[in-house]
K.L.:
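Pasting a structure below so you can have a look.
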Amino acid sequence: VQLQASGGGLVQAGGSPRLSCAASGLTLSSYHMGWFRQAPGKERDFVAAINWSGGSTAHADSVKGRFAISRDSAKNTVYLQMNSLKPEDTAVYYCTAGPIITRTPVGWNYWGQGTQVTVSS
């Protein structure tokens with residue numbers, strides 16, 4: 001089982017990159033999916049989650065209205081559209097899959113390797 005996150009990099013403040021998370025060895029449509037992020041020296045924080053059908057989403061207050069999680073079951077891929085980026089969004093972003101949606105890292109079964117997003121001011 002592998003979750004491969006991509007789409008990060010160096011972005012200017014106000015930019016709009018899209019992160020992707022592709023799965024192999026795992027049918028994502030059977031799982032709820034989430035994105036977390038971790039800045040240096042800080043804990044891994046919840047960013048967004050989407051239920052298995054794609055009919056329900058949740059976003060952290062810090063990103064609500066700027067980020068949007070979505071999924072494409074046909075491509076076995078989950079996305080995080082990031083808009084109006086701020087320097088404080090700088091972190092390693094991780095995608096995750098699991099049987100329940102929680103706003104803590106506990107309870108999620110599978111994790112990707114992470115993709116670095118660095119926002120320059």
Side-chain angles (χ1 to χ4, degrees):
V1 175
Q2 187 176 18
L3 297 177
Q4 183 71 41
S6 61
L10 179 61
V11 185
Q12 286 190 333
S16 300
R18 187 179 73 166
L19 304 184
S20 299
C21 176
S24 58
L26 184 71
T27 302
L28 292 188
S29 59
S30 299
Y31 292 86
H32 305 311
M33 299 297 298
W35 287 95
F36 283 73
R37 67 186 181 186
Q38 189 167 19
K42 296 188 176 181
E43 296 182 345
R44 191 169 295 190
D45 292 331
F46 171 79
V47 175
I50 187 167
N51 75 333
W52 67 273
S53 69
S56 178
T57 62
H59 296 81
D61 289 343
S62 58
V63 306
K64 197 172 292 182
R66 298 190 298 122
F67 293 9
I69 188 172
S70 62
R71 65 193 304 162
D72 186 333
S73 295
K75 296 182 177 180
N76 216 29
T77 300
V78 175
Y79 304 98
L80 184 68
Q81 178 66 50
M82 309 166 71
N83 300 317
S84 302
L85 279 177
K86 305 174 182 180
E88 52 263 43
D89 294 319
T90 294
V92 177
Y93 284 73
Y94 297 90
C95 61
T96 183
I100 61 173
I101 291 178
T102 72
R103 293 188 178 226
T104 73
V106 176
W108 296 91
N109 287 3
Y110 305 103
W111 291 87
Q113 86 290 354
T115 184
Q116 175 73 46
V117 175
T118 302
V119 184
S120 63
S121 58

K.L.:
How far does CG of L26 sit from OH of Y31, to the nearest 0.5 angstrom?
P.N.:
5.0 Å

K.L.:
With distance as the sole test, does S121 use its side chain to make a donor-acceptor pair with the main-chain N or O of P87 at under 3.5 Å?
P.N.:
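Such a contact is absent between S121 side chain and P87 backbone.
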
K.L.:
According to ring-ring contact (aromatic ring centres under 6.0 Å, His included), who are the partners of Y79, at least two apart in sequence or on a separate chain?
P.N.:
none

K.L.:
Where do M82 and R66 land on the side chain to side chain contact (heavy atoms under 4.5 Å, CB included) test, with the steps shown first?
P.N.:
CA-CA 6 Å; M82 309 166 71; R66 298 190 298 122; over 6 Å; no

K.L.:
Quick one: do W35 and Y94 end up in the same hydrophobic cluster if we chain Ile, Leu, Val, Met, Phe, Trp and Tyr together by side-chain heavy atoms under 4.5 Å apart?
P.N.:
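No, W35 and Y94 fall in different hydrophobic clusters.
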
K.L.:
Mind jotting down which residue pairs meet the side-chain hydrogen bond (donor to acceptor under 3.5 Å, both in side chains) criterion with at least one end in residues 46-57? Sequence neighbours excluded, please.
P.N.:
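Listed once each, the pairs are N51-S53.
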
K.L.:
Of all the heavy-atom pairs spanning A91 and A39, show the shortest one and how long it is.
P.N.:
CB-N, 3.9 Å

K.L.:
I'd like to know if the side chain of T118 pairs up with that of Q116 as donor and acceptor (distance under 3.5 Å, no hydrogens or angles considered).
P.N.:
yes

K.L.:
With sequence neighbours excluded, tell me which residues meet side-chain contact (heavy atoms from CB on, under 4.5 Å) with A49.
P.N.:
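F46, I101, W108.
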
K.L.:
Look at atom NZ of K75 and say whether more than 12 heavy atoms of other residues, nucleotides or ligands are closer to it than 6.0 Å.
P.N.:
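No, NZ of K75 has 12 or fewer neighbouring heavy atoms, counting only those of other groups under 6.0 Å.
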
K.L.:
About how many Å separate CD of Q4 and OG1 of T77, when rounded to the nearest 0.5 Å?
P.N.:
11.0 Å

K.L.:
Using a 3.5 Å distance criterion without hydrogens, assess whether the side chain of R71 forms a donor-acceptor pair with backbone atoms of L28.
P.N.:
yes

K.L.:
Give the table of side-chain donor-acceptor pairs shorter than 3.5 Å for residues 9-20, with sequence neighbours excluded, one pair per line with atom names and distance.
P.N.:
from : atom 1 : to  : atom 2 : distance (Å)
S16  : OG     : N83 : OD1    : 3.2

K.L.:
Any side-chain heavy atom of V47 within less than 4.5 Å of one from I69?
P.N.:
no

K.L.:
Quick one: does any side-chain atom of T90 pair with a main-chain N or O of V119 as donor and acceptor, under 3.5 Å?
P.N.:
yes

K.L.:
So which atom in L3 and which in C95 form the shortest heavy-atom distance, rounded to 0.1 Å?
P.N.:
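Nearest heavy atoms, L3 then C95: CB-SG, 3.8 Å.
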
K.L.:
Checking Q113 side chain against A5 main chain: does a donor-acceptor pair fall under 3.5 Å?
P.N.:
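Yes; judged by distance alone, with no hydrogens or angles, the pair exists.
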
K.L.:
Quick one: side-chain contact (heavy atoms from CB on, under 4.5 Å) partners of E88, sequence neighbours excluded?
P.N.:
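Listed in chain order: K86.
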
K.L.:
Run the side chain to side chain contact (heavy atoms under 4.5 Å, CB included) test on L85 and F67 for me, step by step, so that the C-alpha distance in whole Å, both residues' side-chain angles and the decisive distance to 0.1 Å come before the verdict.
P.N.:
CA-CA 9 Å; L85 279 177; F67 293 9; 3.7 Å; yes

K.L.:
Going hydrophobic residue to hydrophobic residue with side-chain gaps under 4.5 angstrom, can you get from L80 over to V92?
P.N.:
no

K.L.:
Could you note down all residue pairs passing salt bridge (Lys or Arg N to Asp or Glu O under 4.0 Å) where residues 19-46 supplies at least one of them, sequence neighbours left out?
P.N.:
R37-D89

